[in-house]
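Worksheet for the structure shown next.
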Amino acid sequence: MEEKKNGTPHSIAWRDRTEGSVTGVTDVLSFDENTIVLQTGQGMLTVKGKDLHIGRLELSQGEVKMRGCVDSIVYSGSNPAKKGSLIRRMLR
């Protein structure tokens with residue numbers, strides 16, 4: 001079976017701010033009850049909230065399932081699909 005690290009489809013699905021899943025995950029960088037930091041093909045993804053738990057982790061398939069009260073989901077780092085800042089793209 002061929003492993004796809006680059007170009008892996010990435011998605012986020014949340015239900016009622018209490019449970020969800022992320023696909024396209026290449027690594028779990030850190031986690032505790034308030035913050036989960038994931039590496040994806042679209043950059044680093046930080047999930048913040050309360051009582052966060054990783055219910056299922058399958059890095060071979062790039063999937064993470066989480067539970068808890070989510071307050072924010074933030075990307076940081078580079079996004080290979082979009083180069084340059086938002087301001088720079090708007091001023092073209």
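Hydrogens, waters and symmetry mates are skipped; everything else that's a heavy atom, side chains included, is used.
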Where Thr26 and Thr40 come nearest, the two heavy atoms and their spacing: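 Where Thr26 meets Thr40 most closely, the heavy atoms are OG1-N, 4.2 Å.
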Can you confirm whether [X] sits close enough to [Y] that some side-chain heavy atom of one is under 4.5 Å from a side-chain heavy atom of the other?
X     : Y     : result
Ile73 : Val22 : no
Thr35 : Leu52 : no
Leu38 : Met66 : yes

All salt bridge (charged side-chain N to carboxylate O under 4.0 Å, His left out) counterparts of Arg17, not counting sequence neighbours: Asp71
Could you state the interatomic distance from [atom1] ([X]) to [atom2] ([Y]), rounded to the nearest 0.5 Å?
X     : Y     : atom1 : atom2 : value
Ile54 : Lys65 : CD1   : NZ    : 13.5 Å
Ser21 : Arg15 : OG    : CZ    : 10.0 Å
Gln39 : Ser30 : CD    : OG    : 11.5 Å
Ser72 : Lys48 : OG    : NZ    : 6.0 Å

Ring pair (Phe, Tyr, Trp, His ring centres under 6.0 Å) contacts touching residues 8-52 (sequence neighbours left out): His10-Tyr75
Side-chain donor/acceptor of Asp27 to backbone N/O of Leu29, under 3.5 Å: no
Cluster link Val74 to Val64, ILVMFWY, side chain under 4.5 Å: no
